[in-house]
Asks: 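I have a structure I would like to understand better, so I am pasting it below and will then ask my questions one at a time.
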Amino acid sequence: MELELESILLPGIEAKRPLVIAGPCSAETEEQVMNTATELAQNGVKIFRAGIWKPRTRPGAFEGVGVEGLPWLQRVKKETGMYVGCEVATAKHCYEAIKYGVDILWIGARTTANPFAVQEIADALRGTDIPVLVKNPVNPDLELWIGAFERLNRAGIKKLAAIHRGFSQYEKSQFRNHPQWQIPIELHRRIPNLPIITDPSHITGNCDLIAEVSQQAMDLNFDGLIIESHECPARAWSDAKQQVTPAHLKMILDGIVLRDHTIGDKPRTEIDDLRQKIDELDAKLLQIFSERMKVSAAIGKYKFENNITVLQARRYEEILNTRRKQAEANNLNADFVIKVFEDIHEESVNIQNNIMKELSSKK
Ligand code: PEP
Ligand code: MN
C-alpha cells in the first residue's frame with residue numbers, strides 16, 4: 001500500500017536537519033519538567049518530549065506519573081513556546097493527551113510490536129491530524145513497522161515519521177538496542193518520503209555513545225534525532241544512564257558535522273549499503289569472539305579447580321576436524337577456516353594459561 005504522507009513539521013519548525021526532539025525519558029515532577037524544558041528551550045530546542053505513561057520491562061519500576069503530568073506539558077508549551085510530545089499506548093492515552101493539547105504523539109517500541117494496540121491507537125486518532133511518530137518494534141521486523149504506518153494511514157493520519165531506536169537482542173553488546181542500520185535504510189528505500197528520526201538514547205543506553213550514534217545517523221542522511229535530556233540525569237527515575245543534561249545535549253548537537261544540508265534523497269550507492277552490511281557483520285563477529293573468549297576463561301577456571309592441563313590435544317584435534325567439515329558444508333575455504341580456528345585456539349590457550357597463573361598466585 002502506498003502511504004499518503006504530509007510533512008510532520010508544525011508551524012515554525014524549520015525544515016533543516018537534524019530535526020531535534022529532546023526531553024526527559026519520563027516526566028517526574030512539575031519542577032523537573034519545567035527546569036529541563038526551560039534550559040532546553042534556551043538552547044534552541046523546539047520540540048519537547050516527556051514520557052507520561054512508561055512501558056517498563058519489569059513490574060515494580062516507575063511506570064510514569066500518568067494524567068497528572070499532562071498539565072505540566074501544557075505549562076511547558078505556554079511558558080517556553082516549545083511543542084510537546086508524549087508516548088501513547090492505548091486509546092485512553094490518546095484521548096487524554098489530545099485533551100491536554102499534546103502536539104505530537106509517539107508509539108513506543110513495545111506497542112508497535114502489537115498490531116491490536118496499534119489498531120486501537122489508529123482508531124482513537126481517526127479524524128485528527130496530529131503527527132504520530134512510530135518507533136521500530138522491539139524485534140527486527142520491518143513488515144511489522146510498516147504495518148503500523150499503514151494502520152495509522154488508513155485511519156487518516158498522514159503526518160507520520162519513523163523513530164529508529166534499535167532492536168533488542170539476547171546477547172550483551174555495547175548497545176542497549178542493536179542499531180541494525182540496514183533496517184531503517186530498507187524502510188527508507190520502501191517509503192522514501194517517510195522521515196526517519198534516530199533515537200541514540202535508546203540505541204546506546206549510554207550517554208557517552210550518543211554523539212557517535214547521532215553522527216552516524218546524520219551521515220546516513222536521516223532526518224532527525226530524539227534524545228533524552230534531564231536536568232540531572234543521575235537522579236532520573238528511568239533510563240538514568242542514557243540521559244544527558246541540556247548543556248551536554250547542546251555540545252552533542254553543536255559537534256555534529258552535517259555532510260549534506262538538504263532534507264531529501266542523497267542517492268546512496270550500492271557500495272554504501274554493502275559496506276554498511278560488512279560493518280554490521282564485523283560487529284557481530286567481534287561480539288561472538290568476545291563471548292567465546294569468556295567461555296574459554298570459564299573452562300580455564302574449571303580446569304584449574306579440577307587439576308586438568310590447559311592443553312587437551314584430543315579436544316583440539318576434534319575442534320579442527322569438525323570445523324573443517326562445517327566449513328565445507330558452508331561453502332567456505334576449509335584451509336582459511338582452519339587458519340582462523342588455529343589462531344582462536346592459540347588465544348584461548350593464552351587466556352587459560354593466564355587464568356591458571358592468576359588463580360595459582362591466589363592460593
Ligand atoms: C522512551 O522513549 O522513553 C521509550 C520508552 O522508548 P522505547 O519505546 O524506544 O523503548
Ligand atoms: Mn527512555
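One-based numbering, in listed order, for ligands and for the atoms of each. Numbers here simply count residues along the sequence, with the first being 1. It should be emphasised that the depicted structure is a prediction, and the values quoted were computed from it without experimental measurement.
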Asks: With atoms numbered from 1 as shown, which atoms in ligand 1 lie under 4.0 angstrom from a non-hydrogen atom of Arg110?
Replies: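 Counting from 1, the qualifying ligand atoms are 7 (P), 8 (O), 10 (O).
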Asks: Once rounded to 10 degrees, what value does the angle at the Mn ion (ligand 2) take between NE2 (His202) and SG (Cys25)?
Replies: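 The two atoms subtend 180° at the Mn ion (ligand 2).
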Asks: Give a rough value, rounded to 10 degrees, for the angle at the Mn ion (ligand 2) between atoms OD2 of Asp239 and OE2 of Glu228.
Replies: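 It is 130°, given to the nearest 10°.
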Asks: Between Lys303, Lys301, Glu347, which is the residue that forms a side-chain hydrogen bond (donor to acceptor under 3.5 Å, both in side chains) with Gln352?
Replies: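 With Gln352 as partner, Lys303, Lys301, Glu347 yield a single side-chain hydrogen bond (donor to acceptor under 3.5 Å, both in side chains), made by Lys303.
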Asks: At less than 4.0 angstrom from any non-hydrogen atom of Lys54, what atoms of ligand 1 do you find?
Replies: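 Every atom of ligand 1 under 4.0 Å from some heavy atom of Lys54: 1 (C), 3 (O), 5 (C).
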Asks: Would you call Gly51 a ligand 1 contact, heavy-atom distance under 4.0 Å?
Replies: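 Under 4.0 Å: no for Gly51.
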Asks: Please work out which of His202, Gln242, Arg165 has its closest non-hydrogen atom nearest to atom 10 (O) of ligand 1.
Replies: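 Closest candidate by heavy-atom distance is Arg165.
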Asks: Which atoms of ligand 1 have any heavy atom of Gly108 under 4.0 Å away?
Replies: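 Here the atoms of ligand 1 in question are 8 (O).
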Asks: Determine, step by step, whether Asn136 and Arg165 satisfy the side-chain contact (heavy atoms from CB on, under 4.5 Å) criterion, reporting the C-alpha distance in whole Å, the side-chain angles of both residues, the deciding distance to 0.1 Å, and the verdict.
Replies: CA-CA 6 Å; Asn136 63 255; Arg165 51 79 79 195; 3.6 Å; yes
Asks: Any nitrogen or oxygen of Lys135 lying under 3.5 Å from a nitrogen or oxygen in ligand 1? Just yes or no.
Replies: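 Looking only at distances, the answer is yes, because the N/O contact criterion of under 3.5 Å is met.
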Asks: Does the N or O separation between Ala109 and ligand 1 drop below 3.5 Å for any pair?
Replies: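 In this structure, Ala109 places an N or O atom under 3.5 Å from an N or O of ligand 1.
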Asks: Is there a side-chain contact (heavy atoms from CB on, under 4.5 Å) between Lys54 and Cys25? Walk through the geometry before answering.
Replies: CA-CA 9 Å; Lys54 299 303 299 178; Cys25 177; 3.3 Å; yes
Asks: Does Val138 belong to the same Ile/Leu/Val/Met/Phe/Trp/Tyr cluster as Val134, with side-chain heavy atoms less than 4.5 Å apart forming each link?
Replies: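 Each belongs to a different hydrophobic cluster.
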Asks: With a 4.0 Å cut-off on N to O distance, would you call Glu228 and Arg49 a salt bridge?
Replies: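 Here Glu228 pairs with Arg49 in a salt bridge, since their nearest N and O are under 4.0 Å apart.
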Asks: Is there a polar contact, in the sense of an N or O pair closer than 3.5 Å, between Arg49 and ligand 1?
Replies: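 Min N/O separation from ligand 1 is below 3.5 Å for Arg49.
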Asks: Does Leu359 share a hydrophobic cluster with Ile308, counting links as ILVMFWY side-chain heavy atoms below 4.5 Å and allowing steps through other members?
Replies: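 The answer is no; the residues belong to distinct hydrophobic clusters.
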Asks: Any nitrogen or oxygen of Asp239, main chain or side chain, under 3.5 Å from a nitrogen or oxygen of ligand 1?
Replies: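 Between Asp239 and ligand 1, no N or O pair is found under 3.5 Å apart.
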Asks: At a 4.0 Å threshold, what atoms of ligand 1 neighbour a non-hydrogen atom of Cys25?
Replies: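 Selected atoms, number and element: 3 (O).
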Asks: Taking Asn206 for the side chain and Asp208 for the main chain, is one N or O donor matched with an acceptor at less than 3.5 Å?
Replies: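 Checking the backbone N and O of Asp208 against the side chain of Asn206, a donor-acceptor pair under 3.5 Å is found.
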Asks: May I ask you to list the atoms of ligand 1 that are less than 4.0 angstrom from any heavy atom of Glu228?
Replies: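 Heavy-atom distances to Glu228 below 4.0 Å select 1 (C), 3 (O).
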Asks: Does CZ in Arg110 sit with more than 12 non-hydrogen atoms of other residues, nucleotides or ligands closer than 6.0 Å?
Replies: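 Atom CZ in Arg110 is packed in, count exceeds 12.
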Asks: Does Val88 reach the side chain of Val132, with side-chain heavy atoms less than 4.5 Å apart?
Replies: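 Heavy-atom side-chain distance check fails, nothing below 4.5 Å.
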Asks: What is the closest protein heavy atom to atom 5 (C) of ligand 1, and at what distance does it sit?
Replies: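 That would be Glu87 OE1, 3.6 Å.
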